[in-house]
**Student:** 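Pasting a structure here, questions to come.
Proteins get letters first, then strands, A, B, ... in listed order; numbering begins at 1 in each.
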There are 2 protein chains.
Amino acid sequence: MNPGQIRDVSALVRSLGPLTRGQRVFSQNTPFSSCYFVKTGAVKTVTVSERGDERILGFYLPGDVFGLSSMNRRSYSCSAIALEHTSICELPFRQLEQLARSIPELQHHLFDLMSREIANAENISMLLSSNTAEERVIALLLNVSEHHRQRKLSPLQFRLPMSRSDMGSFLGLAVETVSRILGSLHKQGLINITGRTVVLLQPARLSQRLAVDPDAPATKGDDFCWSPGHSHTVAGVSGMPAANTSGTAR
Amino acid sequence: MNPGQIRDVSALVRSLGPLTRGQRVFSQNTPFSSCYFVKTGAVKTVTVSERGDERILGFYLPGDVFGLSSMNRRSYSCSAIALEHTSICELPFRQLEQLARSIPELQHHLFDLMSREIANAENISMLLSSNTAEERVIALLLNVSEHHRQRKLSPLQFRLPMSRSDMGSFLGLAVETVSRILGSLHKQGLINITGRTVVLLQPARLSQRLAVDPDAPATKGDDFCWSPGHSHTVAGVSGMPAANTSGTAR
DNA sequence: CGATTGCTTGACGTGCGTCAAGAGCGGTGG
DNA sequence: CCACCGCTCTTGACGCACGTCAAGCAATCG
């Protein structure tokens, strides 16, 4: 894009002041207007069913865009809630769409963003549809890790912005299960975890758990590698590691 | 769109002759070029993990568009396979994108399509993340039903285009479980099922199973709102009923 | 026609949800 | 400073839903 175009786009963007934990960016069933870009902090998107229980659709870390899934509707299909001290940019979608007509690069970029969201959501589906609890938790950890790597932050040591309960809701697991899995990974020496602070001690092993058929489950001390996993993250946290689909295996 | 524009778009579309069961529209890891529109028949999208097991990402019925999730990549992230005698249209994406620059309606339509795909995939995630096997199967049945309703076909009696095994793979269930659930629904008089032919005998009851907390033994106002024509199916079968998230309940 | 594939049904084992009871930890107020 | 609260997180005991294994028909096919 040329400077003029960049100015045009920038003119649309509004920076939203620091949000505090629990504060909402938008609420389910309120009129759709914008999507949002995370500058710092973290956001979760949540839907509440008529039954009253809530489900977390995704976590968004710095660099991620959220709110796109609602653009074909009048109102948001989920709420977005800050997980911690967070600052974001507002992107008024209709105006962005309008502007995209004259800026091909912008149009392409929007397509690209949405396409990533689709691929990402599909990966999550795959992860959920038949992986063990351990695999899901590991996938989440590796995903946050990958996100940090992309942001040039330490991929091996970081703080999880979300609670155990959030993780559970996102991964389709009970809080207790999440807690047990993390504890178990800790005992096995694969990670360190204190509260929300994580250290990945053996990232290669963790990746293996995702990619390798767990015939020999967790024999402590086996050393052979499979293949140093790559092709990992797709987009944001919401971009889960290529949901390696444990398939029918268990 | 005016006649000229419609002609421009039509010029891009290529009709692909009848495919037979098992035939591929495109294959995972081959270069991305187009997305596709289902005219008649049915298509499934499938990814194969490095481990070799396959997972079904979605089913696409007449009127649905598939292949969008790969547009931000060089190659397709999944394979698309005909489930039965099927005819489709090819939509070369790059050219479509190009054309969209001069036809705002087209651009908007593309955004709309992609947004639906996102919402749809999110719904599937929600469905998978914590619903019982029965709820998942019912959701699939109701979804196909809804699709038929929209196509002005009988929503109460239809043929499932996919095998039990496909259903299982899609829903994250073992084939046996799918079979058992269908059998159980049959015994309860909620559906008739012979092979792949389904009759929904008590659609209202089926919907209830999805939305109502199974504490109370049914028999509340049988007729059900879902806001007709809203939020129900999003796109094709892949548009699952607003995955009512049984939440922590079980 | 055997052979392959799809579907069903039974028996059995287990992963993980549920219930219940603490254990930190931070915040608030006296 | 401690007492008290409301959280989040952990840990154990128990049971059920669903995966796995296995066997047996029906339908399609080469």
Side-chain angles (χ1 to χ4, degrees), chain A residues 20-22 44 53 55-56 83-84 127-138 159-169 171-187 191-198 209 213-215 217-218 245-250, chain B residues 20-22 44 53-56 81 83-85 127-138 159-187 191-198 209 213-215 245-250:
Chain A
T20 64
R21 175 178 158 68
K44 65 177 174 184
D53 39 48
R55 207 118 277 287
I56 291 184
L83 286 169
E84 55 189 16
L127 184 72
L128 295 179
S129 71
S130 90
N131 288 59
T132 63
E134 188 182 270
E135 287 167 327
R136 299 186 200 184
V137 171
I138 290 177
R159 258 184 79 80
L160 296 169
M162 74 293 278
S163 69
R164 302 287 192 272
S165 146
D166 284 339
M167 296 175 68
S169 170
L171 297 173
L173 299 173
V175 198
E176 296 93 325
T177 303
V178 174
S179 182
R180 268 188 266 266
I181 300 280
L182 289 173
S184 143
L185 293 175
H186 193 172
K187 274 197 200 120
I191 66 173
N192 262 341
I193 185 158
T194 346
R196 298 187 183 180
T197 304
V198 187
R209 296 276 174 106
D213 206 321
D215 279 338
T245 94
S246 81
T248 320
R250 205 181 240 200
Chain B
T20 64
R21 175 178 158 68
K44 65 177 174 184
D53 40 46
E54 76 173 40
R55 206 121 276 287
I56 292 184
I81 301 174
L83 285 170
E84 55 190 16
H85 211 65
L127 184 71
L128 295 178
S129 71
S130 89
N131 289 60
T132 64
E134 188 181 271
E135 287 168 327
R136 300 186 200 184
V137 172
I138 290 178
R159 258 184 79 81
L160 295 170
M162 74 293 280
S163 68
R164 302 287 192 272
S165 145
D166 284 339
M167 294 175 68
S169 171
F170 176 63
L171 297 174
L173 299 173
V175 198
E176 296 92 326
T177 303
V178 174
S179 183
R180 268 186 266 266
I181 300 280
L182 289 173
S184 144
L185 293 176
H186 193 170
K187 272 196 199 121
I191 66 173
N192 262 341
I193 185 158
T194 345
R196 298 188 182 180
T197 303
V198 188
R209 295 275 174 110
D213 207 320
D215 286 337
T245 96
S246 82
T248 321
R250 205 181 235 198

**Student:** Check every strand shown and say whether B:G172 touches a base, only sugar-phosphate, or nothing at a heavy-atom separation below 4.0 Å.
**Tutor:** sugar-phosphate
**Student:** Rounded to the Å, how far apart are A:L128 CG and C:dC16 P?
**Tutor:**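 Those two atoms, CG and P, are 13 Å apart.
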**Student:** If I take atom CE in residue B:M167 and atom P in nucleotide D:dC18, what distance separates them, rounded to the nearest angstrom?
**Tutor:** 14 Å
**Student:** In this structure, how many angstroms lie between the P atom of D:dA17 and the CG atom of B:L173, rounded?
**Tutor:**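 Spelled out: CG on B:L173 to P on D:dA17 is 14 Å.
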**Student:** Is it the case that over 12 heavy atoms from other parts of the model lie below 6.0 angstrom from the CZ atom of B:R196?
**Tutor:**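 More than 12 heavy atoms, drawn from other residues, nucleotides or ligands, come within 6.0 Å of this atom.
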**Student:** Can you tell if the side chain of B:R159 reaches within under 4.5 Å of the side chain of B:V198, non-hydrogen atoms only?
**Tutor:**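 Contact flag for B:R159/B:V198 side chains = no.
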**Student:** Restricting to non-hydrogen atoms, name the atom on A:R21 and the atom on A:L83 that form the minimum distance, rounded to 0.1 Å.
**Tutor:** NH1-O, 3.4 Å
**Student:** Pairs of donor and acceptor atoms involving the side chains of residues 160-168 of chain A, under 3.5 Å and at least two apart or interchain, shall be tabulated with distances.
**Tutor:**
from   : atom 1 : to     : atom 2 : distance (Å)
A:S163 : OG     : A:S165 : N      : 3.4
A:S163 : OG     : A:D166 : N      : 3.0
A:S163 : OG     : A:D166 : OD2    : 3.4
A:R164 : NH1    : A:G195 : O      : 3.2
A:R164 : NH2    : A:G195 : O      : 2.6
A:D166 : OD1    : A:K44  : NZ     : 3.1

**Student:** What are the atom names and distances for every N/O pair under 3.5 Å that joins the protein to nucleotides 6-15 of chain D?
**Tutor:**
from   : atom 1 : to     : atom 2 : distance (Å)
D:dC9  : OP1    : A:R196 : NE     : 3.1
D:dC9  : OP2    : A:R164 : N      : 2.8
D:dT10 : OP1    : A:R164 : NH2    : 3.4
D:dT10 : OP2    : A:R164 : NE     : 2.9
D:dT10 : OP2    : A:S179 : OG     : 2.7
D:dT10 : O5'    : A:S179 : OG     : 3.1
D:dG12 : N7     : A:R180 : NH1    : 2.8
D:dG12 : O6     : A:R180 : NH2    : 3.4

**Student:** Output yes when B:E134 and B:R209 qualify as a salt bridge under the 4.0 Å nitrogen-oxygen rule, no when they do not.
**Tutor:**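 Salt bridge present between B:E134 and B:R209.
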**Student:** Rounded off to whole Å, could you give me the CD-to-P distance for the B:E84 and C:dG6 pair?
**Tutor:** 15 Å
**Student:** Name every donor-acceptor pair, under 3.5 Å, that has one atom in a side chain of residues 169-186 of chain B and the other anywhere in the protein, sequence neighbours excluded.
**Tutor:**
from   : atom 1 : to     : atom 2 : distance (Å)
B:S169 : OG     : B:I56  : N      : 3.0
B:S184 : OG     : B:Q188 : NE2    : 2.7
B:H186 : NE2    : B:N192 : OD1    : 2.9

**Student:** So what is the 5' to 3' dot-bracket string for DNA chain C, if pairs are Watson-Crick or G-U wobble with both distances under 3.5 Å, crossing pairs use [ ] and | means the partner sits on another strand?
**Tutor:** ||||||||||||||||||||||||||||||
**Student:** Whole-Å distance between C:dC7 C1' and B:L160 CG?
**Tutor:**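 Result: 13 Å.
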**Student:** Please work out if B:G168 contacts a base, only the sugar-phosphate, or nothing of the nucleic acid, heavy-atom cut-off 4.0 Å.
**Tutor:** nothing
**Student:** Taking side-chain hydrogen bond (donor to acceptor under 3.5 Å, both in side chains) as the test, write out the residues that go with A:T20, two or more places apart.
**Tutor:** A:Q23
